[in-house]
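Below: the structure, in structure tokens.
Quick note on labels: first sequence line is chain A, next is B, and so on, each numbered from 1. In this text the structure is predicted, and so the values were computed from the model without any measurement.
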Amino acid sequence: MIPTWLTTAILFAPLAAAVLTLLVPRANLAHGLAATIMAGCTALAAWLAILVVPHGVTYQGPHIPWLDLGGFTLGLGTFADPMGAIMAVIVALLATVVLIYNSWYMNGDKLAVRFPWQFCIFVFAMLIVVLSDNLFMTFLGWELVGLGSYLLIGFWFAKPAASEDADYQRLKGVGARGVLEHRLSPAHAQLKAFVMNRVGDAGFLIGLGAFLAAGVAGGFREPLGWSNLTQLSLGGLPGTFLGLSGNELLTIACLGVFCGAIGKSAQFPLHTWLPDAMQGPTTASSIIHAATMVAAGVFLIARLAPVMTPEALSVIGWTGGITCLLAASIACVQWDLKAVLAYSTVSQLGLMFVALGAGDGAGGTTAGLSHLFTHALFKCLLFLCAGAVIHACANSQDLHRLGGLRKRMPITAVCSGLAVLAIIGAPFFSGFFSKDAVLAAALLHAEDVGGAAWGPFLLACAGSLLTAGYMVRWWIRIFAGTERDHTLTHHAHDPAWYASAVLLLLAPFTCVFLWSTWLSDALAAPHTEAHAHAHHNAMLIASGLLVVGAGFAAVVFAWKSELATTLARALKPLHVGASELWGIDRLYDLVFVRGLGAGVGRLTAFLDLGSRDRLASLEGAAPYRRSDSLSLDGLIDSIGRLCGRIGESGAAWHDGRVGAYLAIAAILGALVLLMGVLW
Amino acid sequence: MVIGPLTWSVLAPLAFGALCLAKDRSARWFALLGSLVPLAVGLAALGDFARHPGSDFRLLETFPWSVALGASWTVGVDGISAAMLALSGLVVAIATISGWNQQRSPRAYHALTMLLLAAMNGVFVTLDLLVFYVCWEVMLVPMLLLIGLWGGDQRRYAAMKFFVYTLAGSVLMLAMLIAMWNALPDGQRTFDLRVLTTQWKLWESTAFLGIPLAAFGFLAVLLAALVKVPAVPLHTWLPHAHVQAPTAISVILAGILLKLGVYALYRLAWPLFPAQALHWGWLIGLIGVIGILWGAWVALGQRDLKRLVAYSSVSHMGFCLLGLASLSVAGATGGMVQAVTHGLSSSLLFLLVGVIYDRAHHRNVDGFGGLAAPMPRFAWILLIACLAGAGLPGLAGFPGEVMALFGSFTAGGYFPWFAVIATLSVILSAAYLLWMLKRVAYGPLLHPEHATFPDLDARELAMTVPLVALIVLIGVWPGPLVDALRPSCEALLTHVRGAMP
């Protein structure tokens, strides 16, 4: 039924696109070629989805051994089930449209020709994560997705940080203040993203190790495949690892893998890389840091849902809830329009993890995945609209200076408006359906388990309230009202026809009926009395939060703008705290970058080879001092010096004074005679 | 008496080395040819092991040397030695291209390089313990001269330190040799390693200076190997040697010389003294883990580019120790794979540092910035080298590292804990390598005089592109290499486990 070559073709299409576009020197041609190949990939993915989704088929594609390690084998293969097939379609579709959009967005940029192949490498890696048939292969894709993100964040590698950028300083305008000034350079941002993701990956590897050790103990030849993992985890993991076994070991293994998800999906505490990743092109941000890569964490945890223990799920739920509220609070006070979207992404991902934390039984997995899919589409649309605004307003991203753009950019205004209505969960929009599912699952789980399980639900509600507020504020400050800075916005217009077509293509996906009619059944959502009851309550709560949040924002930002300033003054500690990102970035900089990183690095270098004075004294540029021995290398050298000194003192006895020789000979001779006599 | 390919892999460098002494201009060509012979032999043998996996020794030859001593020129390769032979030929060929424009006494320079290659190949192909020891010591002399005469400002200090430190480490091996020879019954005295490994119970029962000969022997080989690997805390000769040596010699040092220490553990310590390997394996694993983290952290604090790459070598070689000590097939094979792939990625990094030094005449990482603009090809290759060093999947640094880690995770005793700690190094290796890359290649161009730097020319591409190609090839398709190495490692571990009480 499903051709054997289909999944392999979908997987390798973006790699082929990357290799082929490397050979194309002209930017437009490169974009066109890549978009064409990705369109073909989308068609193939849609075909796979049609074959897999309606009947809930799980399909194991071709599989090859990659590393035969004696006791176990690590292989590579493809796997498709409804959630994977839908994700593949979304990834391929967004890749295609973003490539088309980018040929307009980067028109005239000298580096534009690099974008298609770097982008396609990313898409290839993302499809490895989506279509992989075992946890090890997912890890390979995981790291490669990090590479794609690294390349794209640092796309404009020669750009300096805002504080050192003469052009930016000249054009920033009088009102620029706050976080805009502290923006990193793309080179710095890409390093930060990669290293932070590596922190998560270290946890992922430990989780992998735990599963592998258990798999070997349980006698599995290839223990990391999905069905094998599920079988392995029934009733806890076999064997002992780090002194743990059974369910405890399974929880640790799950949390290890979740560490990777925390890093990749920018959850607290590894969330600070995502806002800095906005240094990359907006088109890259639209797919990587909104729709797909950061969603990989959610996707993986959903994939491993049968394996998760209740303890692991509760950690996941809490992490999601805390992140949701934390990021939403920061988004409320951002003045950079891309930063608002970045923190909004972090917050929405938190919401997805709240759903996953509710567990399969409460419908959490289905809810999380539904929100993942709807969010991918409306977030991509939001970012592309943001890109259009930035492009139209002389590269300005400052919310202080924008405004009234709905008259000059009607298509962008309408599309972004639809996307905003989706993200705040307005009725008849996609977000209404998926957010309702998330809150319902969290509510049901909280009612079932009680106690601490109410935390994630309440945090999610608070986050949703703030989301409605700041997203409406975002739209109003850009498109509503009057133009605040005419010099910036007088040339604004909608993107070129093909780029606007992309926006209009994505807009219908914000409509609820495109999703609600089939998604729940495709993802096997549970349908019981309790679920329906929870859905009903969640819908009421969500609507209430929406009205309060969006209403408040509309009143304050569109009508009585003095209220905003009054409120900021009244809640000053909260306002300042959120503006300073709750101090987390600074803490990490102090403890990890300056402390554990450069600080410990310099300390160990000093302990190893000594100070710069010591190194200078080695080449005679400075005199040698006793204290120079206080390093490892110095200790070794002092052994050499000791031998030298023994030799010298011995040599002192051989200085040619015959009298001394005779004296020594006489004494030694007498001693020998004495010993001979005594024994 | 037909001289077979393995003997040629030692004789050819010697012969070409002699030819190098003829004329200045032709010396480098003879050196290049001399290194291609062991490369060809090694690749052919490795390919054979990949297609027909097995733990046996192939291409055997025996030439009698001293009947009285029981020593002979017996040579043969298994998967491990074949890989090392190919690597040594490749690294020296690349290093010769790197040193192509050596102006100071090129005849002597290239001849000494050939002598060094011959001695290293002697260690890899020989199955005779006495010849092993002789070649092990002989290779120190050309290295001493190469660093001491052609190096930087502190070359005498660095060369002497390298020479005396390594020699001091291996001095006990001579006593071990003699004691083992004595312990054998009269008439059965031989230095053939294949015979000696079957006699491991004899080394256990013979006493030497009050302890079992096996314990003394294990300690002797361990000291020699750990200095060479280099293992923390016996590693401080390496930064000096690397910084002072010319680029090509650094490449040989990092690319192949460090692997000799790991090879000695695989060929001597573990097979000859399996009971000690079982008993003390945890300590070697611990030393490996300490080296992984210490090397990475010190690299983070370095400003000299060459010293940074030198400490990254210390860090990566720790995985070889961890893998072998874990006594798992995945770990032991991974340790050897890591040795091979580290030879490629580390050589590439040193070559690139040499490229910058040739242009800017300094190696201070703070003195660069934004070089990706004037030198885009250089920046791309440096990116690949850094990502390979950081263990990105799809590049050569990943298989060895992940196999060593997984082998440790699935091993017994303390090894899962060691693996958990070693896993933290993935954060550090990404940090120090990519931070270096950022300071050198990305950001705005900090020094306007760097804008005129030429990008990689034909010679520099010729020495870097083959390494890049191999790094990508082995990264994407490590199967053949792993299949060639695994049977020998499995046989080694079966032998070691046979000594369990």
Side-chain angles (χ1 to χ4, degrees), chain A residues 65-72 74 139-144 146-147 150 154 157-161 164 185-188 190-191 194-195 198-199 201-203 205-206 208-210 212-213 216-217 241-242 597-609 618-619 631-633 636-637 640, chain B residues 153-154 157 161 164-165 233 236-237 239-240 294 297-302 307 311 328-330 333-334 370 372-373 379 387 390 392-394 398-399 402-403 405-410 416-417 419-420 423-424 426-427 430-432 434-435 437-438 441-445 478-479 482-483 486 490:
Chain A
W66 195 62
L67 283 180
D68 181 357
L69 299 177
F72 56 92
L74 300 168
F139 181 76
L140 298 187
W142 201 262
E143 290 256 338
L144 286 174
L147 169 70
Y150 176 82
F157 55 85
K159 199 167 134 205
E164 288 151 22
S185 64
H188 193 166
Q190 68 177 3
L191 176 65
F194 198 87
V195 176
R198 271 294 170 101
V199 177
D201 291 348
L205 270 174
I206 296 175
L208 260 180
L212 204 58
V216 169
F241 182 74
L242 300 182
V600 173
R602 268 192 275 275
L603 175 67
T604 47
F606 176 81
L607 289 173
D608 202 71
L609 273 184
L618 284 175
E619 53 182 275
S631 58
L632 192 55
D633 196 35
I636 305 291
D637 276 3
Chain B
D153 286 332
Q154 284 168 262
Y157 168 79
K161 188 159 191 167
V164 176
Y165 210 147
T236 53
W237 61 270
H240 294 296
W294 183 263
W297 245 310
V298 178
L300 209 48
Q302 293 303 323
R307 220 176 270 139
Y311 278 105
S328 59
V329 174
T333 317
L387 290 173
L392 188 79
F398 178 71
V402 84
M403 284 165 70
L405 280 177
F406 283 176
S408 275
F409 275 130
T410 53
W417 286 107
V420 168
T423 307
L424 300 177
V426 303
I427 308 169
Y432 69 77
L434 293 178
W435 188 28
L437 177 66
K438 169 183 174 278
Y442 299 143
L445 194 68
V482 174
D483 287 337
R486 189 188 53 251
E490 275 175 330

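Contact of A:V216 with chain B is made through the side chain alone, with heavy-atom distances under 4.5 Å. Looking at B:L437, the atoms closer than 4.5 Å to chain A (heavy atoms on both sides) all sit in the side chain, from C-beta outward. Looking at B:T333, neither its backbone nor its side chain comes within 4.5 Å of chain A, counting heavy atoms on both sides. The contact between A:Q190 and chain B is made entirely by side chain atoms (from C-beta outward), counting heavy-atom distances below 4.5 Å. Only the side chain of A:L74 comes within contact range of chain B, with heavy atoms under 4.5 Å apart. Using a 4.5 Å cut-off between heavy atoms, B:A390 contacts chain A through both its backbone and its side chain. For B:A372, the parts sitting under 4.5 Å from any heavy atom of chain A are the backbone and the side chain alike. At a 4.5 Å heavy-atom cutoff, the contact between A:L191 and chain B is made by side-chain atoms alone. Only the side chain of A:L67 comes within less than 4.5 Å of a heavy atom of chain B; its backbone N, CA, C and O stay farther away. Looking at B:Y432, neither its backbone nor its side chain comes within 4.5 Å of chain A, counting heavy atoms on both sides. With a 4.5 Å cut-off on non-hydrogen atoms, B:P239 touches chain A through its side chain but not through its backbone.
Ranked by non-hydrogen atom pairs under 4.5 Å with chain A, the options B:V420, B:V298, B:V164 are led by B:V298. With chain B as partner, the option from A:G146, A:A217, A:G70, A:G154 having the largest number of non-hydrogen pairs under 4.5 angstrom is A:G70. Ranking B:L405, B:L434, B:L300 against chain A, the residue ahead of the rest is B:L434, based on heavy-atom pairs under 4.5 Å. The candidate from A:S185, A:G640, A:G209 with the greatest count of non-hydrogen atom pairs under 4.5 Å with chain B is A:G209. Heavy-atom pairs under 4.5 Å with chain B peak, among A:L144, A:L208, A:I206, at A:I206. Counting heavy-atom pairs closer than 4.5 Å to chain B, the top-ranked of the candidates A:V600, A:D201, A:L609, A:V199 is A:L609. When each of B:V329, B:V482, B:T423 is scored by its heavy-atom pairs under 4.5 Å with chain A, the top score falls to B:T423. Interface check for chain B: of the options A:G597, A:G141, A:G203, A:A598, the most heavy-atom pairs under 4.5 Å are formed by A:G597.
For B:F409 against A:A213, the heavy-atom pair with the smallest separation is O-CB, 3.8 Å. Between B:V426 and A:A202, the closest heavy-atom pair is CG2-CB, 4.0 Å. Residues B:A430 and A:R198 approach most closely at CB-CG, 3.7 Å, considering heavy atoms. Minimum interatomic distance between B:P393 and A:E143 (heavy atoms only, all atoms of both residues): CD-CB, 3.4 Å. Between B:G301 and A:A605, the closest heavy-atom pair is O-CB, 4.2 Å. The two residues B:A431 and A:V195 have their closest heavy-atom pair at CA-CG2, 3.9 Å.
Taken from CD1 in A:I636 to NZ in B:K161, the straight-line distance is 7.0 Å, to the nearest 0.5 Å. Rounding to the nearest 0.5 Å places CZ of A:R602 at 15.0 Å from CH2 of B:W297. Note that CG of A:L607 and CH2 of B:W294 are 5.0 Å apart. Values are rounded to the nearest 0.5 Å. In this structure, OH on A:Y150 lies 6.5 Å from CG on B:L387, to the nearest 0.5 angstrom. The structure places CG of A:L69 at 9.0 Å from CZ of B:F406, a figure rounded to the nearest 0.5 Å.
For B:R307, the side-chain hydrogen bond (donor to acceptor under 3.5 Å, both in side chains) test picks out no residue, with sequence neighbours left out.
Between A:T604 and B:Y311 there is no side-chain heavy-atom pair separated by less than 4.5 Å.
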